[in-house]
Amino acid sequence: MVKINGEELNAAGKTLAEYLASTSYDPKRIAVERNGDIVPKTQYGETVLKDGDSIEVVSFVGGG
Amino acid sequence: MWEVVELIPTKEEWNKALSERHGEQLQKVFSAAAVAICGLGGLGSNIATSLARAGVGKLILIDFDRVDITNLHRQQYKAEQMGMHKTDALRDNLSEIAPYIDLEIHTVRVTEENGAHLLQGADIICEAFDDAESKAMLTGLVLEKMPDKFLVAASGMAGFGSANTIRTRRIAKRFYLCGDGVSDVQSEGSLVSSRVMLCAAHQAHTVLRILAGKFEI
């Protein structure tokens, strides 16, 4: 299981790009942290989610 | 007739007053710090004011925009400053508040191309844009390309929601995020001075806590 934004999901084996494509996140408005480190956008396609990973997808909203 | 004599404190008096409030050691750290503020709107102008008052030694202020009548309900500008570049207007205002602060201004839009150069002198970077894509761009840029710097970003402070939903989270070792995470100006339809100031205060306070070596939330 992979913990994504606090929720245990059956996403092990998928790439980060595959997981994000299955969600409604706008790729231009997000930053992704994996086990304490930011995942560069260029590595979403090659980052394979593993059992025990902890992922945080920060989806920015407008206003400032 | 009275003769008006304008007196401001000397630099020594200024530093002494700050040291008495924050402690000499901490004030030395604040004085030696350089903080960049990207975007000088409701968040950035309030963050800058807080940090200038706290005695942060140097602020790098970046914005391409000018003061507009739609800014005055929540941003630290005056009616007479309408039409000025925000960088120039905020430099003037901060110089009146904290006369010995070192201010570096850049009247440009931060991009992936110029970001590293603009931000190289900063220890801590505040993301204070209003556009979600710009927020994500700067976050990626700082965390991927400038691994030695701290980023204090903001997301979700629009509308009239409870003050108590604005909070600070530590997303990664050098990445803090303030706001309620969800209140988008597009759906909320407005930004209110008090709630934007709350979020700006979270960001400014996080900067001071990082400088003080208090990294946990």
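Below, read A as the first sequence line, B as the second, and so on, with proteins coming before strands; counting in each chain starts at 1. Treat the numbers as computed from the prediction; the structure is a model and nothing was measured.
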Between B/A154, B/A136, B/A128, which shows the greatest number of heavy-atom pairs under 4.5 Å with chain A?
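Most pairs with chain A among the choices: B/A136.
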
Applying salt bridge (charged side-chain N to carboxylate O under 4.0 Å, His left out), name anything that partners B/D88, two or more places apart in sequence or on another chain.
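Listed in chain order: B/R91.
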
Using a distance-only test with no angle check, is there a side-chain donor-acceptor pair under 3.5 angstrom linking B/D92 and B/Q81?
no

Under 4.5 Å from a heavy atom of chain A, the part of B/I171 involved:
both

Chain A contact via B/A200 - which portion, at a heavy-atom distance below 4.5 Å:
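For B/A200, neither part sits under 4.5 Å from chain A.
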
Step through the atoms of chain B and chain A and list each donor-acceptor pair whose separation is under 3.5 Å.
unit_1	atom_1	unit_2	atom_2	d
B/R74	NE	A/G64	O	3.2
B/R74	NH2	A/G64	O	3.3
B/D130	O	A/G63	N	2.6
B/E144	OE2	A/K41	N	3.4
B/S155	OG	A/V61	N	3.0
B/R169	NH1	A/E56	OE2	3.2
B/R169	NH2	A/E56	OE1	3.1
B/R169	NH2	A/E56	OE2	2.6
B/D184	OD1	A/G62	N	3.3
B/V185	N	A/G62	O	3.0

For B/Q120, the side-chain hydrogen bond (donor to acceptor under 3.5 Å, both in side chains) test, sequence neighbours excluded, returns none

More than 12 heavy atoms of other residues, nucleotides or ligands under 6.0 Å from CD1 of B/I69: yes or no?
no

Neighbour count above 12 (heavy atom, 6.0 Å) for B/F215 CZ:
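Yes, enclosed.
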
Select one option (side chain, backbone, both, neither) describing which atoms of A/V32 are under 4.5 Å from chain B's heavy atoms.
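Answer is neither: A/V32 stays 4.5 Å or more from chain B.
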
Under 4.5 Å from a heavy atom of chain B, the part of A/I30 involved:
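Just the backbone, heavy atoms under 4.5 Å.
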
Distance check, rounded to the nearest 0.5 Å: B/I105 atom CD1 versus B/I62 atom CD1?
11.0 Å

Kindly state whether the ring of B/F150 and the ring of B/F175 have centres lying under 6.0 angstrom apart.
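So the answer is no for these two rings.
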
Do any side-chain atoms of residues 26-33 of chain B form donor-acceptor pairs under 3.5 angstrom with protein atoms, and if so which ones, sequence neighbours left out?
unit_1	atom_1	unit_2	atom_2	d
B/Q27	OE1	B/H22	ND1	2.5
B/Q27	NE2	B/G55	O	3.4
B/S31	OG	B/Q27	O	2.9

